[in-house]
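To start, the structure under review is shown below, and the notes come after it.
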Protein chains: 2
Amino acid sequence: MLKLSKKTDYALMAVQYMASKGTARIVNTKEIAEEYNIPVELLAKVLQKLGKKGLIVSQNGPKGGYVLAKSSTDISVLSVIQAIEGHVGITECYHNEDSTCMQMPRCNIRTPLRNIQNSIYGLLDSMSIEDMKEFGSATIVPQSRLNGHRT
Amino acid sequence: MLKLSKKTDYALMAVQYMASKGTARIVNTKEIAEEYNIPVELLAKVLQKLGKKGLIVSQNGPKGGYVLAKSSTDISVLSVIQAIEGHVGITECYHNEDSTCMQMPRCNIRTPLRNIQNSIYGLLDSMSIEDMKEFGSATIVPQSRLNGHRT
DNA sequence: CCAGTCGCCGACTAAAATAATCGGACTTAG
DNA sequence: CTAAGTCCGATTATTTTAGTCGGCGACTGG
């Protein structure tokens, strides 16, 4: 239904939060969880995933926590989403590499949907975490080819 | 997880199929279901929803069925998706009008996500069912502002 | 004029995805 | 050496999605 999972929301919030603190400051799970009212254990797993994907780096022990692995301008929104959700596809057959779709043989919407998906990918890839701050109220993608409303 | 539901897939396939048959030919649920290996009862409900939204018109009785209510150039992909999924939002708070989101007070990703969502809307709205045929293997949205891959 | 074909509708069950919890192990600053 | 932190797998609860069932109502051809 075209909705992001809460885990992804949490991930974006957390990364955004870390970005706002800069690379000098190390933040821990509890701090972020309290800031946004997120269940700690859940956020913990999310951050672990981000760590394994190399988007953030972890520091163990007391005074430990996380920092962004690179500049917020170099972290795309897409990379965060994919870190949490794995391979994202708009349809079953693009979501699961080895899906057995009953409709495959005669499917008439695969290719066009792939194009839509690629456009969305492009959009998400072109937007960085930094952009999410800056463009708080601007439109990102040129919609020059839009030709008015249909029903 | 940014995936369309099967019902929506079915709806798009069905509409596409009807478009391919033209407005003269009336098609029934069973015919479409067999063409694409879709469970009839499920497809039936999908078509009913499309009917209620005025995208297709129904004909009762024997030899009954459905026809597109208007030209395939005047039916946007978005309208089909919305007919099935209702109001679509990329996040909980945009999906559900009256959602009580724990993160609301301090949420730092609402506005940027809304922009992303609007871009997706624009894309889906600008694409008609007819376009889905034509652009079987073309890219729809100009991605001129893309600036290479990040992680 | 009535029998069979079709759409219409709501309630129901089944399966899958998501959200959240729990328990315990490993790491390290103080 | 211990408390504060990350790490990790297993488990449960909740919600969403997929699919099923049964009956009603509309219509058309014979």
Side-chain angles (χ1 to χ4, degrees), chain A residues 1-11 13-14 18 26-34 36-53 56-67 81 84-89 91-92 95-96 99-103, chain B residues 1-11 13-14 18 26-34 36-53 55-67 69 81 84-89 91-92 95-96 99-103:
Chain A
M1 48 146 76
L2 281 185
K3 200 178 67 177
L4 296 172
S5 72
K6 287 221 166 160
K7 284 188 194 173
T8 303
D9 291 345
Y10 296 159
M13 286 186 230
M18 287 187 257
I26 195 168
V27 303
N28 66 29
T29 309
K30 200 171 146 224
E31 177 180 346
I32 304 177
E34 284 176 353
Y36 299 115
N37 291 298
I38 305 173
V40 269
E41 305 89 348
L42 189 51
L43 179 61
K45 313 203 82 166
V46 167
L47 293 178
Q48 283 159 30
K49 269 194 181 176
L50 292 179
K52 265 199 278 194
K53 294 288 179 176
I56 61 181
V57 291
S58 67
Q59 171 71 42
N60 269 354
K63 300 292 177 187
Y66 299 91
V67 194
I81 295 177
I84 303 302
E85 316 225 339
H87 179 218
V88 175
T91 58
E92 185 61 28
H95 189 90
N96 243 323
S99 75
T100 62
C101 174
M102 260 9 273
Q103 285 75 44
Chain B
M1 46 145 77
L2 279 184
K3 202 178 64 178
L4 296 172
S5 72
K6 288 222 166 160
K7 283 188 195 173
T8 304
D9 291 346
Y10 297 158
M13 286 185 230
M18 285 187 260
I26 195 166
V27 303
N28 67 30
T29 309
K30 200 171 145 224
E31 176 180 346
I32 304 177
E34 284 176 352
Y36 300 115
N37 290 298
I38 304 172
V40 269
E41 304 89 350
L42 189 50
L43 179 62
K45 311 200 83 166
V46 167
L47 294 178
Q48 281 159 33
K49 268 193 182 175
L50 293 178
K52 265 198 280 194
K53 294 289 178 174
L55 294 175
I56 61 181
V57 290
S58 66
Q59 172 71 42
N60 269 354
K63 302 291 178 187
Y66 298 92
V67 194
I81 295 176
I84 304 301
E85 316 225 337
H87 179 218
V88 176
T91 59
E92 185 60 29
H95 189 89
N96 243 323
S99 75
T100 62
C101 175
M102 262 6 275
Q103 284 75 42

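Reminder, nothing fancy here: chain letters follow the sequence lines and each chain counts from 1.
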Rounded to the nearest 0.5 Å, how far apart are [atom1] of [X] and [atom2] of [Y]?
X	Y	atom1	atom2	answer
B/L2	A/I81	CG	CD1	6.0 Å
A/K30	A/I38	NZ	CD1	15.0 Å
B/L55	B/K49	CG	NZ	12.5 Å
B/T8	B/M13	OG1	CE	10.5 Å
B/K7	B/S5	NZ	OG	7.0 Å
B/E34	B/T29	CD	OG1	11.0 Å

Of B/L47, B/V67, B/V27, which meets side-chain contact (heavy atoms from CB on, under 4.5 Å) against B/I56?
-> B/L47

Length of the line joining [X]:[atom1] and [N]:[atom2], which is rounded to integer Å:
X	N	atom1	atom2	result
A/Q48	C/dT27	CD	C1'	14 Å
A/N28	C/dA29	CG	P	15 Å
A/L43	C/dA19	CG	P	13 Å
A/M18	D/dT6	CE	C1'	13 Å
A/M102	D/dG19	CE	P	11 Å
A/K49	D/dC8	NZ	C1'	12 Å
A/I26	C/dT28	CD1	P	12 Å
A/I38	C/dT21	CD1	P	13 Å

When the nearest nucleotide of DNA chain D is assigned to B/L4 and to A/V27 on a heavy-atom basis, which residue is associated with the more 5' position?
->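 The 5'-side residue here is A/V27.
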
Report, one pair per line, the protein and nucleotides 16-18 of chain C atoms (nitrogen or oxygen only) whose separation is under 3.5 Å.
none

Sugar-phosphate means primed atoms, P, OP1 and OP2; the rest is base. With that split, encode nucleotides 20-30 of chain D 5' to 3' as B, S or - using protein heavy atoms under 4.0 Å.
-> B-----BBB--

Tell me, please, which residues at least two apart from B/S58 pass side-chain hydrogen bond (donor to acceptor under 3.5 Å, both in side chains).
->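 For B/S58 there are no side-chain hydrogen bond (donor to acceptor under 3.5 Å, both in side chains) partners, ignoring immediate neighbours.
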
For B/G65, answer base if it contacts any base atom (sugar-phosphate contacts may also be present), sugar-phosphate if it contacts only those atoms, and nothing otherwise; contact means non-hydrogen atoms under 4.0 Å.
-> sugar-phosphate

If only side-chain N and O atoms of [X] are considered, is one of them under 4.0 Å from the OP1 or OP2 phosphate oxygen of [N]?
X	N	result
A/Y66	D/dC7	yes
B/Y10	D/dG19	yes
B/S58	C/dC8	yes
B/T29	C/dC6	no

Might you confirm whether atom NZ of A/K3 has over 12 heavy atoms from other residues, nucleotides or ligands at distances under 6.0 Å?
->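 It does: A/K3 NZ has more than 12 such atoms within range.
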
